[in-house]
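See structure below.
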Amino acid sequence: QVQLVESGGGLVQAGGSLRLSCAASGSIFNLNNMGWYRQAPGKQRELVAVISSGGSTNYLDSVKGRFTISRDNAKNTVSLQMNSLQPEDTAVYYCYVEYRIRSWSTWGDYWGQGTQVTVSS
């Protein structure tokens, strides 16, 4: 069993900032990639940012230079600092992790419940 607790969503004006955090707990031996997806109304879910266990990062083109993903391997947390937010960033943001429960287990994916980010113009 894996639990993901997300926090940090909310309402902000355009140009503002928010920080999303996600803490993983439960039957976790170790974590591989951790990241954030988002889904806006009427649109497909898209990958916003991902960070590997070694710290390599990748970002959606539209958020490069504005969003920064980070992780704390000791605490099994991943965060997304979002600056210069725009109305088009409005979406439900989902944390996800790749985990395994034993050193010999296959990797599995787990998703958070989602947190709403709304950016007003």
Side-chain angles (χ1 to χ4, degrees):
Q1 297 284 347
V2 176
Q3 296 83 41
L4 294 179
V5 177
E6 300 162 328
S7 61
L11 173 64
V12 65
Q13 289 187 330
S17 297
L18 285 172
R19 184 177 180 86
L20 305 182
S21 294
C22 175
S25 62
S27 302
I28 298 172
F29 177 74
N30 63 348
L31 297 170
N32 193 21
N33 292 330
M34 303 177 76
W36 295 89
Y37 280 73
R38 70 185 181 188
Q39 187 166 20
K43 295 187 177 182
Q44 290 188 331
R45 190 174 294 190
E46 60 183 357
L47 178 62
V48 177
V50 60
I51 184 167
S52 72
S53 58
S56 297
T57 59
N58 275 296
Y59 295 93
L60 182 67
D61 283 347
S62 62
V63 308
K64 286 180 181 177
R66 300 188 297 124
F67 291 10
T68 302
I69 190 170
S70 60
R71 66 189 284 169
D72 185 330
N73 290 329
K75 297 180 179 179
N76 286 345
T77 59
V78 60
S79 298
L80 185 68
Q81 178 66 42
M82 305 184 293
N83 298 329
S84 302
L85 283 161
Q86 300 301 315
E88 52 266 34
D89 295 316
T90 295
V92 178
Y93 285 69
Y94 298 89
C95 171
Y96 93 100
V97 300
E98 296 174 0
Y99 74 100
R100 56 184 179 180
I101 61 173
R102 299 284 188 272
S103 61
W104 58 87
S105 303
T106 57
W107 293 101
D109 294 339
Y110 199 83
W111 296 80
Q113 294 295 311
T115 184
Q116 177 70 47
V117 171
T118 302
V119 185
S120 62
S121 57

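- Each of L47, V48, I69, V50 was evaluated against N58; a single residue qualifies, V50, per the side chain to side chain contact (heavy atoms under 4.5 Å, CB included) test.
- S21 and S79 get closest at one heavy-atom pair: OG-OG, 3.4 Å.
- Across every non-hydrogen atom of A24 and L4, the tightest pair is CB-CD2, 3.4 Å.
- Distance alone, capped at 3.5 Å, places no donor-acceptor pair between the S27 side chain and the I101 backbone.
- Side-chain contact check for W36 versus L60: every heavy-atom pair is 4.5 Å or farther apart.
- Rounding to the nearest 0.5 angstrom, the gap separating the OG1 atom in T68 from the CZ atom in R19 is 9.0 Å.
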Report the C-alpha distance between V117 and L20 in whole Å, list the side-chain angles of each, state the deciding distance to 0.1 Å, and finish with yes or no for side chain to side chain contact (heavy atoms under 4.5 Å, CB included).
CA-CA 9 Å; V117 171; L20 305 182; 4.1 Å; yes
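- With a 4.5 Å cut-off on side-chain heavy atoms, S25 and K75 do not count as touching.
- Of the possible polar contacts, one joining the E6 side chain to the C95 backbone as a donor-acceptor pair under 3.5 Å is found.
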Check the pair V63 / R38 against side chain to side chain contact (heavy atoms under 4.5 Å, CB included), numbers first and verdict last.
CA-CA 12 Å; V63 308; R38 70 185 181 188; 4.0 Å; yes
Walk me through whether Q86 and S84 qualify under side chain to side chain donor-acceptor pair (under 3.5 Å).
CA-CA 6 Å; Q86 300 301 315; S84 302; 5.7 Å; no
Full working for side chain to side chain contact (heavy atoms under 4.5 Å, CB included) between L31 and N76
CA-CA 8 Å; L31 297 170; N76 286 345; 3.5 Å; yes
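- Between Q81 and S17, the shortest heavy-atom contact is NE2-CB, 4.0 Å.
- No side-chain heavy atom of R100 sits under 4.5 Å from any side-chain heavy atom of T106.
- Between the SG atom in C22 and the CE atom in M34 there is a gap of 6.0 Å [rounded to 0.5 Å].
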Step by step, would you call W107 with N30 a side chain to side chain contact (heavy atoms under 4.5 Å, CB included)?
CA-CA 10 Å; W107 293 101; N30 63 348; 3.5 Å; yes
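- Inter-residue side-chain proximity for V92 and R45 is flagged as unmet; no heavy-atom pair is nearer than 4.5 Å.
- In plain terms, the two heavy atoms of D72 and A74 that are nearest each other are OD1-N, 3.0 Å.
- Nearest heavy atom pair, residue R71 against residue I51, reads NH1-O, 3.2 Å.
- In this structure, S62 OG and D89 CG are separated by 7.0 Å, a value rounded to the nearest 0.5 Å.
- Across R66 and L85, no two heavy atoms sit closer than the pair NH1-CA, 3.9 Å.
- Applying the ring pair (Phe, Tyr, Trp, His ring centres under 6.0 Å) definition to pairs two or more places apart or across chains, those involving residues 66-101 are Y37-Y96, Y96-W111.
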